[in-house]
J.: 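Sending over a structure as structure tokens; questions will come in a sec.
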Amino acid sequence: MKRSHSCGALRGADAGKEVILAGWVSGRRDHGGVIFIDLRDREGLTQIVFNPSLSSEISELAHTLRSEFVVRIVGKVSPRPEGTKNSALATGDVEVLASQLEILNPSETPPFPLDEEGVNEDLRLRYRYLDLRRESMAKALRARHQAALAIRRYLDAQGFLEIETPILFKSTPEGAREYLVPSRINPGRFYALPQSPQQFKQLLMVGGVEKYFQIARCFRDEDLRADRQPEFTQIDLEMSFIEREDIYALIEGLVKTVWKEVKGIDLPTPFPRVKYREALDLYGVDKPDRRYGLTLVDFTETFRTSTFKVFQSAVAAGGVVKAFNAKGLAMVTTGQIEDLTNLAKSHGAKGLAWIKVEKGEWKSPIVKFFSEAEKKTLTEKLKVEEGDLLLFGADQWLAACEVLGFVRIRCAEYLEKAGKLKRDPAHLDFHWVVDFPLLRKDPEHPNMVASHHPFTAPVEEDLQWLESEPEKVRGQHYDLVLNGVELGGGSIRIHKGELQDKVFREILKIPADMVTSRFGYMIEALKFGAPPHGGIALGFDRLMALLLGQESIRDVIAFPKNARGQDVMSGSPAEVTARQLKEIHIQVEGVSGS
RNA sequence: GGAGCUGUAGCUCAAUUGGUUAGAGCACCGCCCUGUCACGGCGGGGGUUGCGGGUUCGAGCCCCGUCAGCUCCGCCA
């Protein structure tokens with residue numbers, strides 16, 4: 001074979017051995033006489049020494065080595081002379097005195113340095129194969145493998161079967177926009193790529209599999225974010241004969257295993273449970289970042305009879321008044337206040353009321369409308385001190401909470417920049433968010449829509465309100481949240497055909513023919529003795545990003561797409577030939593150049 | 001669809017109030033150098049300041065437009 005050891009293997013005890021190493025030239029220090037080469041492979045770095053007194057011919061060739069040349073070296077392992085050991089290197093006690101050098105492949109000068117961080121991401125993506133040689137990417141890929149392996153071992157030990165489900169599926173237009181795939185042999189018909197294996201995993205339960213999992217690729221044709229790619233990976237699983245608590249315990253064990261095996265960190269379990277209502281009330285969001293305070297406080301009663309009409313009328317209309325203390329943010333700039341106001345407005349607020357506490361004074365356009373009693377209540381409940389900034393929301397409960405939720409996060413960013421708040425990535429606040437409403441109002445829909453998906457089972461004791469007061473019904477849904485990021489979610493499913501049918505037709509008010517054409521087979525399947533079942537899906541990319549402290553999931557995916565959904569290395573998506581289009585019965589309109 | 005930030009050498013960045021020939025480190029090329037590990041020394045090449053237009057005696061800098069990258073909102077059952 002071409003090599004006897006990896007570049008990370010040799011130690012002092014190997015001294016004297018004749019070895020063969022292969023790898024990339026990571027750096028060279030050419031002294032004119034003696035030449036040092038750092039030879040790198042995925043396991044590490046070994047110093048190679050070319051000494052002209054050993055072989056002038058080899059040394060001559062070594063002068064021509066450059067970064068990223070691929071070479072094979074034969075030589076003798078030698079302890080480094082005293083005083084030249086490198087304790088920063090695992091192999092730093094030894095070096096290899098080269099007696100043979102073979103250039104397996106030269107390299108162009110790399111377009112960016114491989115030993116530095118902070119390089120333009122566009123360039124990294126264009127040369128992703130070089131980027132992957134960098135330590136941080138190599139580590140991420142290895143950690144991802146370790147995590148996947150730990151997950152497979154854990155779930156196997158729990159009795160799960162890994163089963164693949166189709167990638168070419170059927171369009172179900174509810175929910176995320178799908179990628180469509182035209183069928184050549186069925187003109188005018190389309191497959192859709194699955195946004196998740198949801199329906200198949202339920203059908204596997206009907207099929208008696210009992211415990212299924214898959215590290216599944218999912219596809220969603222929506223706009224991208226730092227934590228959203230058009231194709232992404234879910235740890236998807238489903239179990240029969242279970243309740244919610246069974247999923248919590250299973251996933252807590254799984255997450256614990258991953259953090260232990262990849263990072264050596266012992267996570268405390270069980271994870272706390274947070275009710276949806278409480279999450280909104282305190283943090284204004286259903287995936288709260290609880291590492292810092294700035295929690296929302298209710299002042300509805302305080303302002304019920306206020307002379308400040310904006311608050312009073314919001315309460316009179318059945319709404320609430322909420323506020324939080326952005327502690328220490330009185331140094332906020334006018335621009336930042338404007339920014340916060342625009343943020344509030346973009347989420348439907350009419351404006352954003354604020355109060356700065358500076359030099360013992362309350363500075364604000366609205367403070368003149370407040371009574372002494374109102375000020376006193378605010379001071380007490382918000383623990384107002386010099387240097388604070390108070391921010392208010394007055395609207396219907398959900399809208400007021402959500403607006404302040406966004407404002408709260410932005411304030412935390414400002415405070416963090418000013419060094420007054422720390423969102424420590426080492427602080428791992430895992431928690432379950434539970435008791436979500438089964439249904440919600442959607443301004444774009446005349447009827448209520450499922451807040452998660454239409455297969456979620458209602459909470460048993462709330463079933464009585466399904467027709468009379470559907471907004472009161474909780475779903476048996478749960479989200480796993482870590483530090484303000486939704487890591488995953490799932491539910492106990494509806495396992496009876498009659499109830500599923502009723503939810504589609506009577507609650508979601510989907511036309512009967514549409515129910516039949518899109519979900520008929522699901523409803524039918526549930527009528528053939530479907531066991532009670534439920535499951536969950538965790539975002540594997542997000543999990544890896546959080547595990548490794550990366551801001552973007554692109555840094556834990558080998559070949560991600562940029563913010564426009566393009567692969568700038570291969571140049572996809574790309575145009576296709578007229579012939580290809582004809583074969584699949586597609587005509588492209590209104591696009592220049594096609 | 002909307003908002004913000006960014007765009008200067010291969011890379012990372014600098015360039016006073018609008019002012020002479022746009023600089024530095026690294027990388028690259030040449031020469032020198034036998035114990036370095038961010039090797040060192042001497043020398044050299046390399047720029048449509050993203051692109052287009054405008055203001056001005058004069059624009060990397062100001063204005064308008066446009067393109068690209070990123071972030072956020074909308075969207076993500």
Side-chain angles (χ1 to χ4, degrees), chain A residues 26-39 45-54 56 59 63 66-68 78 80-89 91-92 95 97 108-127 172-178 195-196 198-199 218-230 232 335 338-339 342-348 402 406 409-410 413 438-440 442-445 448-456 475 477 486 489 491 504 508 510 518-519 539 551-552 554 562-564 566 568:
Chain A
S26 188
R28 76 175 204 282
R29 293 173 294 282
D30 186 339
H31 290 241
V34 68
I35 302 165
F36 299 99
I37 293 293
D38 290 331
L39 191 65
L45 218 61
T46 300
Q47 174 163 283
I48 312 297
V49 186
F50 296 92
N51 197 315
S53 64
L54 211 66
S56 61
S59 277
H63 281 299
R66 294 294 182 272
S67 289
E68 301 308 311
S78 166
R80 294 201 191 185
E82 219 37 61
T84 66
K85 294 187 174 179
N86 186 344
S87 58
L89 225 52
T91 60
E95 58 196 9
L97 309 178
E108 303 270 310
T109 302
F112 55 87
L114 302 189
D115 55 359
E116 286 173 28
E117 297 294 317
V119 176
N120 182 326
E121 191 181 15
D122 192 30
L123 198 67
R124 286 174 52 204
L125 290 177
R126 189 184 308 280
Y127 299 95
T172 53
E174 291 75 20
R177 192 179 300 113
E178 299 161 317
Q195 356 175 346
S196 84
Q198 181 62 36
Q199 295 182 44
C218 305
F219 306 86
R220 292 181 189 174
D221 186 8
E222 299 289 352
D223 285 3
L224 290 79
R225 290 282 190 284
D227 63 352
R228 277 166 31 188
Q229 284 273 308
F232 62 101
E338 197 179 324
D339 193 36
N342 288 336
L343 184 66
K345 282 182 177 169
S346 74
H347 290 91
E402 284 181 337
F406 280 106
I409 292 169
R410 187 67 56 90
E413 287 165 8
L438 182 69
L439 303 156
R440 64 180 168 85
D442 180 348
E444 289 179 19
H445 264 85
M448 299 203 77
V449 299
S451 43
H452 289 98
H453 60 58
F455 310 111
T456 303
H477 179 96
E486 183 191 325
S491 61
F504 278 128
L508 302 175
I510 299 174
R518 284 185 193 157
F519 302 110
E551 299 273 329
S552 163
R554 291 189 298 270
N562 71 6
R564 284 201 177 185
Q566 299 164 335
V568 290

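Lettering follows sequence order; numbering is per chain, from 1.
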J.: Look at the side chain of A:N86 and the base of B:C37, then say whether one donor and one acceptor between them are separated by less than 3.5 Å.
T.: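 Such a pair is found, so the answer is yes.
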J.: Which is true for A:R410 with a 4.0 Å heavy-atom rule: it touches a base, it touches only sugar-phosphate, or it touches nothing?
T.: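 Contact class for A:R410: sugar-phosphate only.
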J.: Between A:V119 and A:S451, which is nearer to the 5' end of RNA chain B once each is assigned its nearest nucleotide?
T.: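 Upstream on the strand: A:V119.
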J.: Which whole-number value in Å describes the distance from A:D442 CG to B:G74 P?
T.: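 Distance check: A:D442 CG to B:G74 P gives 13 Å.
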J.: Indicate, yes or no, whether a donor-acceptor pair under 3.5 Å links the base of B:G4 to the side chain of A:D339.
T.: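 It does not, because no donor-acceptor pair links the side chain of A:D339 to the base of B:G4 below 3.5 Å.
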J.: Between B:C11, B:C73, B:C75, which one does the side chain of A:S346 approach most closely?
T.: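 Minimum distance to the A:S346 side chain belongs to B:C73.
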J.: Is the A:F50 to A:H63 ring centre distance short of 6.0 Å?
T.: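 Ring centroids of A:F50 and A:H63 are no less than 6.0 Å from each other.
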J.: So A:L123, base contact, sugar-phosphate only, or nothing? Heavy-atom distance under 4.0 Å.
T.: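 Sugar-phosphate, backbone atoms only, no base.
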J.: Before giving the answer on salt bridge (charged side-chain N to carboxylate O under 4.0 Å, His left out), spell out for A:D38 and A:R28 the whole-Å C-alpha distance, their side-chain angles and the decisive distance to 0.1 Å.
T.: CA-CA 6 Å; A:D38 290 331; A:R28 76 175 204 282; over 6 Å; no
J.: With a 3.5 angstrom cut-off on both distances, give the Watson-Crick or G-U wobble partner of B:C26, or none if there isn't one.
T.: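 Across any shown strand, B:C26 pairs with B:G10.
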J.: Describe the nucleic acid contact of A:R124 in one word from base, sugar-phosphate, nothing, applying a heavy-atom distance below 4.0 Å.
T.: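 The residue A:R124 makes no contact with any strand.
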J.: If you take atom types as modelled and just measure distance, does the side chain of A:R126 reach the base of B:G69 with a donor-acceptor pair under 3.5 Å?
T.: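 In this structure, the two groups form no donor-acceptor pair.
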J.: Each nucleotide in nucleotides 27-36 of chain B should get exactly one letter: B, S or -. Can you fill that in based on protein heavy atoms under 4.0 Å?
T.: SSSS--BBBB
J.: Select one nucleotide: of B:C26, B:G74, B:C75, the one nearest the side-chain heavy atoms of A:H347.
T.: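 So the nucleotide nearest the side chain must be B:G74.
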J.: Which of the following nucleotides, B:C11, B:C76, B:U71, is nearest to the side chain of A:A563?
T.: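 Output: B:U71.
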J.: Which nucleotide in the list B:C73, B:G74, B:G69 gets nearest to the side chain of A:R564?
T.: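 The nucleotide sitting nearest to the side chain is B:G69.
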J.: Quote, to the nearest angstrom, the P distance that separates B:U20 from B:C67.
T.: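 Result for the P pair: 33 Å, nearest Å.
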J.: Kindly determine whether A:R228 and A:E222 satisfy salt bridge (charged side-chain N to carboxylate O under 4.0 Å, His left out), including the steps that lead there.
T.: CA-CA 9 Å; A:R228 277 166 31 188; A:E222 299 289 352; 5.9 Å; no
J.: Applying a 4.0 Å non-hydrogen cut-off, can you work out what A:R220 is touching in the nucleic acid: base, sugar-phosphate, or nothing?
T.: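 Touches sugar-phosphate only.
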J.: Between the side chain of A:R220 and the main-chain N/O of A:Q195, is any donor-acceptor distance below 3.5 Å?
T.: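 Confirmed, A:R220 side chain pairs with A:Q195 backbone.
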J.: Just by distance, with hydrogens left out, do A:E178 and A:T172 show a side-chain donor and acceptor under 3.5 Å apart?
T.: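 There is such a pair between these side chains.
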J.: Tell which nucleotide pairs with B:G46, taking only Watson-Crick or G-U wobble pairs whose two distances are both under 3.5 angstrom.
T.: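 WC or wobble partner does not exist here.
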